[in-house]
Amino acid sequence: MSQRDAFYVTTPIYYVNDVPHIGHAYTTLACDVIARFMRLDGRRVHFLTGTDEHGQKVEKAAREAGMEPKAFTDQVSERFRELLRVMDFSPDDFIRTTEERHVRAVQTLWTRMVEGGWIYLGKYAGWYSVRDEAYYAESELVDGRAPTGAPVEWVEEPSYFFRLSAFQERLLRFYESHPDFVGPATRFNEVVSFVRQGLQDLSISRTTFRWGIPVPGDPAHVIYVWVDALTNYISALGYPDVDGELFRTFWPADVHVIGKDILRFHAVYWPAFLMAAGLEPPRRVFAHGWWTNEGQKISKSLGNVIDPHALVARYGLDQTRYYLLREVPFGQDGDFRHESMVRRINHELANDYGNLVQRVLAMIRRYCEGRVPDPGELAPDDEALLARAHNCLAAMRAHMEAQALHRALDEVFGLIGEANRYVDAMAPWALRRSDPARAATVLWTLAETIRHVATLTLPFMPQSSGRILDLLAVPAAARTFRALGAEGQPLRPGTPLPPPSPVFPRYVEEDAG
RNA sequence: GGCGGAGUAGCUCAGCGGUAGAGCAGCGGAAUCAUAAUCCGUGGGUCGGGGGUUCGAAUCCCUCCUCCGCUACCA
């Protein structure tokens, strides 16, 4: 829909108190793949992630650790930066809510909303548990006590409110004119029906703790969660400098990728805040689903939390990246199963993809002196396979624009299957004797197809795909989508190739021997 | 309760008005270039139940059953 050159994709900022788990890895992975794809497609990309470091829980955790909050968050936010390295993510920026640039942005946004008349001072009232240091909703109470069993008391504190109620009609009109604003479509319905029910004003400041951004002009209040956290998407673009290069280039964001649990904040509150401050809402919010573990809901108490580091160590990085995006239609919930992981690694990566590369390169090694073969006149079969390779990008592009990452993968793997069938149908090992020139043409066609496949899988499996391109001696400058297609940069006959070696190892059960 | 979604081969799902499909699993076969990797053939499932519209319905309408999501201040 947006054919502009720039592309801005974001993850949520992760709550720094958490230990990174599969959910964080999954969200960031999706963004990484989108970002890499768009870069290879020639777009100017800005990929943002970061950490959310304010709030009462952080303040408390820091105290318990005997540290100042800032020093504490410096330490724990590192865990998220480490995940970026381990999973080979490629963000362009990492925003922390404790950074000066963010504080300035939040306070400015606040001030703009005040100037617009969208903020007023009122009282926040609710059931408060001193023991838990938290408010509970009426509906959460169990027999007049907190869900934790702690006693609660009715407490009122002064609080600033955002006039969310005034935005109902504007939001509904916005949704109506932007039917693609929320994906998947079923989530869009939820958002609209939520807003239709009517909106209450939002409490957006607290006086019960200090670890946060002070309200401009009233330092007794700290700006509460969502105004603080959501603003990261623009503070990283240099807001309030709306005339700056970054902001002008990248706002509004092309897509905020989030987990389904925080959809409302992104699809209702965030556009309202932006409208209140005179800014454009993002173009799209995409909510993905949750993982279960071998059919079980994941929870700390069950002790079945999935550690992304463990996945990478056990199955391999690209294997993990592939599985997470291939196993489940992006947007739906998924079940992580060792058995299906192994099946995909061994059948789809090792057998279908890896072995295609290996068998073709081994034949080129033996029949063509290890050089890119010289294609003669192309036969209709060759042209059909190449056409499919050339058209693959366009098909993937359409899916990537809609965050249908699984379908994009489907396209390339369809091409891999086609290539394997072509190998069997052409039988170059037989042609080698009957018609060597024809064998060379077939092998060139295959090598060229593999070049397309590997380039197209770069966003998903950057390391393995890179190794395949190494085996084809594709220069770094040609590892881009511009090099694909009929007008691209086909492999040059005669180019010497390195000896091939398997790229996707099979997974062998540890207890198998 | 309200709004929305889903119930199709053993499993995961696509199809959304014209005589039931894909992938995986299973069974049979071919090939031997390759990480024993590939390829071909093989799917009689009341398309949740019932009713209706239509020349014709997984596909539209009604109804019932079952399951799931959302229904506000929790990162």
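Residue numbering restarts at 1 for every chain, and letters A, B, ... go by the order of the sequence lines. Since this is a predicted model, take the numbers as computed values, not measurements.
For A:Trp444 (side chain) and A:Leu491 (main-chain N/O), a donor-acceptor pair under 3.5 Å exists by modelled atom type.
Remark: B:rA34 base-pairs with no nucleotide; criterion is Watson-Crick or G-U wobble with both hydrogen-bond distances under 3.5 Å. B:rC70 is paired with B:rG2 under the Watson-Crick or G-U wobble criterion, all donor-acceptor distances under 3.5 Å. When both pairing distances are held under 3.5 Å, B:rG7 makes a Watson-Crick or G-U pair with B:rC65.
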Going 5' to 3' through nucleotides 25-37 of chain B and flagging B where a protein heavy-atom sits under 4.0 Å of the base, S where only the sugar-phosphate is that close, and - otherwise, we get S-----SSBBB-B
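With sequence neighbours left out, the ring-ring contact (aromatic ring centres under 6.0 Å, His included) criterion links A:Tyr322 to A:Phe413. In this structure, A:Tyr422 has no ring-ring contact (aromatic ring centres under 6.0 Å, His included) partners at least two apart in sequence or on a different chain.
Checked against the 6.0 Å centroid criterion, the rings of A:His399 and A:Phe330 do not qualify as a close aromatic pair.
Within 4.0 Å (heavy atoms only), A:Gly259 reaches no atom of the nucleic acid at all.
Remark: the A:Tyr323 side chain and the A:Ser340 side chain contain an N/O donor-acceptor pair separated by less than 3.5 Å.
Comparing B:rC73, B:rC74, B:rC39 against the side chain of A:Arg264 picks out B:rC74 as the nearest. Nearest nucleotide to the A:Gln332 side chain, out of B:rC13, B:rC39, B:rA72: B:rC13.
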